[in-house]
Amino acid sequence: MRNYGIVVIGYNRKKSMERLLETLDQAEYGNTNVLLIISLDYANMPEIVDTAEKYVWRHGRKIVNAYTEKQGLRKHILSCGEYMEKYDLDAIAVFEDDIFPSPAFFNYMCQAVEFYKDTEEIAGISLYTHLWNVNYQHPFQPLPSKYDTFFMQYAQSWGQIWLPKQWKDFREWYEENHEPFWEAEGVPSTVCHWRNSSWLKYHIRYCVEKKKYFVYPYESLATNFTEIGTHNKYKTALYQVPLQTDSQKKYNFASLEDSQAVYDAFFENERIAQDLNLSPDDLCVDLYGSKPVPVEKKYWLTTRKEDYRAIKTYGLSLRPQELNIKLDVSGKEIKLYDLEIPEKNRDKTLSMYQYFDYYYRLTHAKWKALVVLLLERILIRLKR
């Protein structure tokens with residue numbers, strides 16, 4: 001029987017901590033004893049330490065580790081990976097205090113660890129599922145498949161599973177690459193410009209540089225309250241996602257080789273090249289229109305209007321967006337450019353296709369709601 005642990009990470013949000021502990025107590029663990037580690041950074045709030053000490057964990061042993069000096073977010077979370085070696089654990093589920101796990105998360109955890117534990121290309125296992133491209137604030141939907149999992153070159157911090165070998169490889173890389181950085185090839189600029197207190201930007205960069213992936217479930221096993229904290233100045237429900245709650249579910253896991261739902265750090269599907277009969281080395285997939293001009297590629301598949309010859313165009317009607325390429329939907333919203341053939345695109349105004357692009361991505365929003373949302377975002381920027 002494997003040894004599993006849960007790490008709860010807290011700082012100064014007492015109510016969030018209480019909610020997370022109550023939710024974990026209600027989860028299904030079968031007959032498995034699970035080690036609970038509550039790791040608290042110094043917050044000068046003894047009531048949080050008191051809450052952790054008094055909490056009764058009914059599913060195994062409990063350990064409270066409260067630092068007497070402030071560690072900072074990056075140092076604190078990175079240190080939590082060391083609990084696996086210290087307590088001889090085969091895997092840990094890691095939750096910051098504003099995360100809300102599904103009562104069925106442990107069933108998924110056990111099955112996923114068994115399936116992916118020896119896969120070299122896997123850097124970790126996510127419990128959360130993105131429905132929003134957090135890099136560029138657009139909806140995201142992975143390509144449907146017969147499997148229960150897909151892959152992203154995007155490490156996770158909103159409920160994740162770490163395994164000893166994967167974590168050890170990352171920490172060895174991190175020791176040589178822990179200096180602050182503001183740009184990195186293949187990493188979205190938004191990620192690169194996260195604060196230096198972020199540990200996640202390093203884990204994402206590691207995935208990109210080492211060509212490793214996180215496993216993601218199609219149905220999320222955790223959701224995010226995004227409460228005010230070190231990196232959040234405003235509470236939002238933007239990252240709330242539906243939860244899968246079947247604790248008896250038998251999962252059909254995808255291998256990296258078989259999956260057609262494999263995404264890079266920009267949330268772009270890396271397998272589209274197969275549908276275009278092109279080499280992945282020659283194609284830049286940029287359906288969100290967020291990547292820089294790919295000077296080292298021959299072809300560019302994008303929703304942007306640029307001064308190159310479009311050798312093929314597609315509509316932007318089906319969801320997810322790459323399905324328009326796979327099923328060859330006619331239209332002009334998506335363009336496949338040959339970067340070796342410059343050709344002046346004289347239409348530089350906001351075209352009907354760009355309007356259509358906005359409508360496609362925000363199809364359920366009414367115009368009055370969009371105006372209110374825009375004003376809200378402007379006020380937030382002004383306050384910052």
Side-chain angles (χ1 to χ4, degrees), residues 1-9 20-39 57-63 80-96 99-129 145-152 155-170 212-224 241-256 258-259 261:
M1 181 177 293
R2 298 197 177 279
N3 295 322
Y4 292 108
I6 297 171
V7 178
V8 168
I9 297 172
L20 174 56
L21 293 175
E22 180 181 352
T23 306
L24 287 171
D25 182 65
Q26 296 172 356
E28 297 285 341
Y29 302 98
N31 296 320
T32 305
N33 284 326
V34 181
L35 174 65
L36 176 67
I37 303 169
I38 303 175
S39 187
W57 176 241
R58 300 180 297 118
H59 309 285
R61 182 185 174 198
K62 183 192 77 172
I63 295 172
C80 290
E82 311 310 315
Y83 291 133
M84 285 184 283
E85 181 178 359
K86 183 175 182 179
Y87 298 109
D88 193 27
L89 297 170
D90 295 298
I92 55 174
V94 183
F95 300 104
E96 294 185 45
I99 304 304
F100 190 95
S102 162
F105 87 89
F106 189 70
N107 173 53
Y108 172 80
M109 176 181 179
C110 294
Q111 293 184 51
V113 167
E114 284 299 321
F115 190 89
Y116 293 110
K117 65 182 186 300
D118 297 321
T119 305
E120 184 65 27
E121 297 84 3
I122 299 305
I125 301 169
S126 177
L127 292 166
Y128 180 85
T129 295
S145 76
K146 65 181 180 181
Y147 299 108
D148 292 312
T149 53
F150 64 99
F151 303 91
M152 292 184 70
Q156 186 53 256
S157 65
W158 294 343
Q160 69 273 17
I161 300 166
W162 295 339
L163 293 88
K165 173 63 166 58
Q166 286 93 330
W167 184 255
K168 180 176 180 292
D169 291 345
F170 165 61
K212 294 182 182 290
Y213 299 84
F214 260 60
V215 180
Y216 278 78
Y218 276 97
E219 296 181 295
S220 191
L221 280 302
T223 189
N224 186 358
V241 294
L243 289 176
Q244 197 284 105
T245 58
D246 182 3
S247 61
Q248 303 301 315
K249 180 179 175 66
K250 300 296 183 183
Y251 289 91
N252 182 21
F253 292 106
S255 68
L256 194 59
D258 293 337
S259 179

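Note that the coordinates shown come from a computational prediction; the quantities given were computed from them, not determined experimentally. Heavy atoms only: backbone and side chains are in, while hydrogens, waters and symmetry mates are out. Index from 1, following the sequence.
Across all non-hydrogen atoms, the minimal contact from Pro101 to Leu20 is CD-CD1, 3.5 Å. Contact between Pro164 and Leu89 at its shortest, heavy atoms only, is CG-O, 3.4 Å. A pairwise comparison of heavy atoms in Thr245 and Ala104 identifies C-CB, 3.6 Å as the closest pair. The two atoms that bring Thr223 and Leu243 nearest to each other are N-CD2, 3.8 Å, heavy atoms only. Closest approach of Ser259 to Ala254, counting heavy atoms only: CB-CB, 4.2 Å.
In the model, Ser102 has no side-chain atom that pairs as donor or acceptor with a side-chain atom of Tyr108 under 3.5 Å.
Asn3 is listed as a side-chain neighbour of Asp88, based on a closest heavy-atom distance under 4.5 Å. When side chains are defined from C-beta on, Ile63 counts as touching Tyr87, because their heavy atoms get closer than 4.5 Å. Inter-residue side-chain proximity for Trp57 and Leu24 is flagged as met; some heavy-atom pair is nearer than 4.5 Å. Within the 4.5 Å cutoff, no side-chain heavy atoms of Lys165 are placed close to those of Lys117. Looking only at side-chain heavy atoms (C-beta outward), Tyr4 and Val113 come within less than 4.5 Å of each other. Between Lys249 and Glu219, the closest side-chain pair of non-hydrogen atoms falls below 4.5 Å. At least one side-chain heavy atom of Asp25 sits less than 4.5 Å from a side-chain heavy atom of Arg58. Residues Lys62 and Ile38 form a side-chain contact, since some pair of their non-hydrogen atoms from C-beta on lies under 4.5 Å apart.
Here CD1 of Ile125 is found 11.0 Å from CD of Gln160. Values are rounded to the nearest 0.5 Å. Taking OH of Tyr128 as the start and OH of Tyr216 as the end, the distance is 9.5 Å to the nearest 0.5 Å. For the atom pair Leu127 CG and Ile161 CD1, the distance stands at 4.5 Å (nearest 0.5 Å). Distance check, rounded to the nearest 0.5 Å: CE of Met84 to CG of Leu35 gives 12.5 Å. For the atom pair CE (Met109) and CD1 (Ile6), the distance works out to 7.0 Å, reported to the nearest 0.5 Å. A distance of 11.0 Å separates CG of Asp169 from CG of Leu163, quoted to the nearest 0.5 Å.
Formation of a donor-acceptor pair under 3.5 Å by the Gln244 side chain with backbone atoms of Asp246 is found in this model. Looking at Ser39, its side chain never comes within 3.5 Å of a backbone N or O of Ile9 through a donor-acceptor pair. In terms of modelled atom types and a separation under 3.5 Å, the side chain of Thr129 and the main chain of Pro217 share a donor-acceptor contact.
Other residues, nucleotides and ligands contribute more than 12 heavy atoms inside 6.0 Å of the CD atom of Glu82. Counting non-hydrogen atoms of neighbouring residues, nucleotides and ligands closer than 6.0 angstrom, the CD atom of Gln111 exceeds 12 such neighbours. Within 6.0 Å of NZ on Lys168 lie no more than 12 heavy atoms contributed by other residues, nucleotides or ligands. Under a cut-off of 6.0 angstrom, the local environment of CZ in Arg2 is crowded, with over 12 non-hydrogen atoms contributed by other residues, nucleotides or ligands.
Every residue two or more places apart in sequence or in another chain that forms a side chain to side chain contact (heavy atoms under 4.5 Å, CB included) with Asp258 is listed here: Tyr147, Ser255.
Paired with Phe150 under the rule ring pair (Phe, Tyr, Trp, His ring centres under 6.0 Å), one option of Phe214, Phe253, Tyr218 passes, and it is Tyr218. When Phe100, Trp162, Phe105, Trp158 are each tested for a ring pair (Phe, Tyr, Trp, His ring centres under 6.0 Å) with Phe95, only one passes: Phe105.
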Inset, instruction - Decide yes or no on side-chain hydrogen bond (donor to acceptor under 3.5 Å, both in side chains) for Thr149 and Tyr116, but give the supporting numbers first. - result: CA-CA 11 Å; Thr149 53; Tyr116 293 110; 2.9 Å; yes
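Using bins of under 30°, 30° to 60° and over 60° for the plane-to-plane angle, the ring pair Tyr213/Phe151 lands in the perpendicular bin. Ring geometry for Tyr29 against His59 counts as tilted: the plane angle lies between 30° and 60°, on a 0 to 90° scale.
Two rings, from Phe115 and Tyr251, have their centers 6.0 Å or more apart.
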